[in-house]
Amino acid sequence: MNIHTTPATKAGGQHICPWWLAYFFDNPFRRMVHPADKILGPYVTQGMTVLDFGCGFGHYSLGMARLTGPSGEVVAADVQQKMLDKTMSRACKAGLDEIIRPLLCDGRGIGEALDLDFALACNSLHETPDPAALLSEVFGLLKPGGRMLLMEPCAHLKAGQFEDEVMKAETAGFSIAGQPKVVRQMCRLLEKPHGRVDA
């Protein structure tokens, strides 16, 4: 897959948001409407290992790095190198580059063994060619009791499509732990039950 994508670029038949479009939705207004510390603060604490799948320009990666502190790690995963480059540039300016680790994925999954306390998939699951497989992979990477916040944009997905993703998450083994309210987002907080080791 060509990581320097254009609007026509697809991964496994799925449309991938072009990197330059992130300038339109990752801006000061978004940081005001979707403050990462308030949205993720209830789930991410000092010392955690967390995943930001589809990190874009790092809005939530930087927010989680501030929450985990230097004793934690944020794995910022994306299919486009330019997204990761922008995330790390912003992380360096914020003094968070030692906490955030960029990970280039192929769009089908994470592709690396991780031991996660928390995972975020914001506006990215619908772009994967096999959402069920991605959810199963993340389930396997989470520690028992670990959580995943699934967020999708109201503007791009219908409620039925989102509920289908939630059903796939339950099939993967997740239980529904909550339904956070975020402006113009459909959200579910998913949890890996204690006693479950893999999907």
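All values derive from a computational prediction rather than experimental measurement.
Summarising the geometry of Thr87 relative to Ala76, their closest heavy-atom pair is CG2-CB, 4.3 Å, with the distance given to 0.1 Å. Of all non-hydrogen atoms in Met186 and Pro153, the two that sit nearest each other are CE-O, 3.8 Å. Here the closest heavy-atom approach between residue Gly140 and residue Lys192 is recorded as O-NZ, 4.0 Å. The two residues Pro131 and Lys168 make their nearest non-hydrogen contact at CB-CD, 4.2 Å. Scanning all heavy atoms of the two residues, the minimum distance from Ile110 to Cys105 falls at O-SG, 3.9 Å. When every heavy atom of Phe139 is checked against every heavy atom of Pro193, the shortest pair comes out as CE1-CD, 4.1 Å.
When atom types are taken as modelled, the side chain of Asp97 and the backbone of Met88 share no donor-acceptor pair closer than 3.5 angstrom. The main-chain N or O of Val182 is never found under 3.5 Å from a side-chain atom of Gln185 such that the two would form a donor-acceptor pair. Remark: side-chain polar atoms of Thr171 are paired, donor with acceptor, to backbone N or O of Met167 under 3.5 angstrom.
Here Ser124 contributes atom OG and Phe53 contributes atom CZ; the two are 5.5 Å apart, rounded to the nearest 0.5 Å. Rounding to the nearest 0.5 angstrom, the gap separating the CZ atom in Phe174 from the CG atom in Leu135 is 6.5 Å. Leu120 CG to Asp52 CG: the interatomic distance, rounded to the nearest 0.5 Å, is 5.0 Å. Once rounded to the nearest 0.5 Å, the distance linking OG1 of Thr49 with CG of Leu142 reads 11.0 Å. In this structure, the separation between SG on Cys55 and NZ on Lys86 is 12.5 Å, given to the nearest 0.5 Å. Distance check, rounded to the nearest 0.5 Å: CG of Leu190 to CD of Glu165 gives 10.0 Å.
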Would you please test Glu170 and Ile176 for side chain to side chain contact (heavy atoms under 4.5 Å, CB included) and show each step?
CA-CA 8 Å; Glu170 291 180 293; Ile176 307 301; 3.7 Å; yes
Could you go step by step and tell me if Leu67 and Leu40 meet the side chain to side chain contact (heavy atoms under 4.5 Å, CB included) rule?
CA-CA 8 Å; Leu67 292 168; Leu40 301 177; 4.0 Å; yes
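A salt bridge links Arg188 to Glu163: one of the charged nitrogens lies within less than 4.0 Å of a carboxylate oxygen.
Side-chain atoms of Tyr60 and Leu62, non-hydrogen and from C-beta on, never get closer than 4.5 Å to each other. Glu73 places a side-chain heavy atom less than 4.5 Å from the side chain of Arg101. A 4.5 Å side-chain heavy-atom check between Arg90 and Phe57 finds at least one atom pair inside the cut-off. The shortest distance between side-chain heavy atoms of Ile39 and Leu149 falls below 4.5 Å. Using a 4.5 Å heavy-atom threshold, the side chains of Thr68 and Thr45 count as separate. Considering only heavy atoms from C-beta on, Leu104 stays 4.5 Å or farther from Val79 through its side chain. Asp117 places none of its side-chain heavy atoms less than 4.5 Å from the side chain of Tyr43. Side-chain contact between Asp115 and Lys143: present, with at least one pair of heavy atoms (C-beta onward) separated by less than 4.5 Å.
For the 3.5 Å distance criterion, the side chains of His126 and Glu152 qualify, holding a donor opposite an acceptor.
The 12-atom threshold is not exceeded at CD of Glu98, counting heavy atoms of other residues, nucleotides or ligands nearer than 6.0 Å.
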